[in-house]
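Just below is one structure, and these are the notes that go with it.
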Amino acid sequence: MNNNLLGIDFEDWYHPQLVQPFVKDLKHEPKIINGIEKIIELLRKTETSATFFMVGELLEHKPSILDLILDNDHEIGFHTMRHSSLNDLTKEKFLDELDVFDKLSNGKSKGFRAPTFSLNQNTSWAIDALVEKNYLYDSSIMPVKTQLYGFENCQKDPFTISSSSLTKNDPNGKLIEYPLSVGTFFGKNVPISGGFYLRSLPLGTSLNSISKYERQNIPATIYVHSWELTPEFMPEIKLPLKERFVTFHNIKKTYSRLEKILEQHNFTSFENHLKNYF
Ligand SMILES: [Zn+2]
């Protein structure tokens with residue numbers, strides 16, 4: 001059964017929030033984009049469909065990656081035009097971006113992920129904007145509080161979200177929310193679902209958490225960044241120690257870890273899950 005959900009946050013080397021302040025003066029020439037075939041190949045050999053949450057300006061730069069994604073049975077979703085935190089946008093700007101991306105993706109995008117999980121009480125207008133533009137789902141809520149983002153006491157299975165109810169089901173909500181998966185590590189709740197955590201925690205912690213979701217009949221929802229899967233396309237970036245650690249720690253292990261996860265568990269795109277369950 002294709003129960004679990006895989007989102008690839010597709011962005012380039014200058015997009016991650018922690019990197020942005022340190023690469024302002026460098027020329028933003030996309031490089032990670034050239035690794036997409038390697039990612040598609042990993043998904044092909046593990047017979048997995050995935051959702052590519054795309055930074056819009058990359059589709060502008062190389063429109064052919066849309067067909068590459070769709071023709072290989074994957075889904076295109078939206079990750080803002082320039083990997084902006086929602087805290088730096090307004091509803092109006094976001095609506096404009098949704099229109100631009102709609103054209104770039106031939107109207108195929110129905111799902112959204114906020115960069116750095118920046119959907120919060122101050123940016124909940126994004127939910128209204130997504131509903132206005134006929135989006136079907138969002139996957140931006142991390143049900144554990146970390147330094148950068150996240151919520152305590154959040155529903156862990158998919159629910160209908162609204163701008164006044166970000167963490168639990170609103171019967172009048174019009175958008176499905178797929179919260180990211182969390183697990184426990186030494187008794188502490190942690191995001192097991194991707195990025196730094198997937199690279200740094202023991203792989204068994206992630207695998208056990210995915211199994212636990214499956215036993216509860218809840219889709220495990222994990223995310224991986226494009227640049228984590230193809231670090232060979234990442235240029236040398238000078239970062240302070242902490243940013244460097246969070247961005248690059250164990251980066252070369254991401255590909256093989258994801259491969260092991262996909263060999264042991266079934267994952268699919270959000271679109272496929274929506275079709276089957278809602
Ligand atoms: Zn991102």
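Every number for a ligand or one of its atoms is a count from 1 in the order of the listing.
- Using modelled atom types and a 3.5 Å distance limit, the side chains of Gln20 and His15 yield no donor-acceptor pair.
- Taking the six-membered ring for Trp, Tyr14 and Phe22 have ring centres at least 6.0 Å apart.
- Excluding water, every protein N/O/S atom under 2.8 Å from the Zn ion (ligand 1) is given here by residue and atom: Glu11 OE1, His79 NE2, His83 NE2.
- With hydrogens and angles disregarded, a donor-acceptor distance shorter than 3.5 Å links the side chain of Thr247 to the backbone of Glu243.
- Annotation: side-chain contact (heavy atoms from CB on, under 4.5 Å) contacts of Lys253 (sequence neighbours excluded): Asn250, Arg257.
- Under the ring pair (Phe, Tyr, Trp, His ring centres under 6.0 Å) criterion, Phe245 pairs with Phe196, His249, sequence neighbours left out.
- Phe185 pairs by the ring pair (Phe, Tyr, Trp, His ring centres under 6.0 Å) definition with nothing, not counting sequence neighbours.
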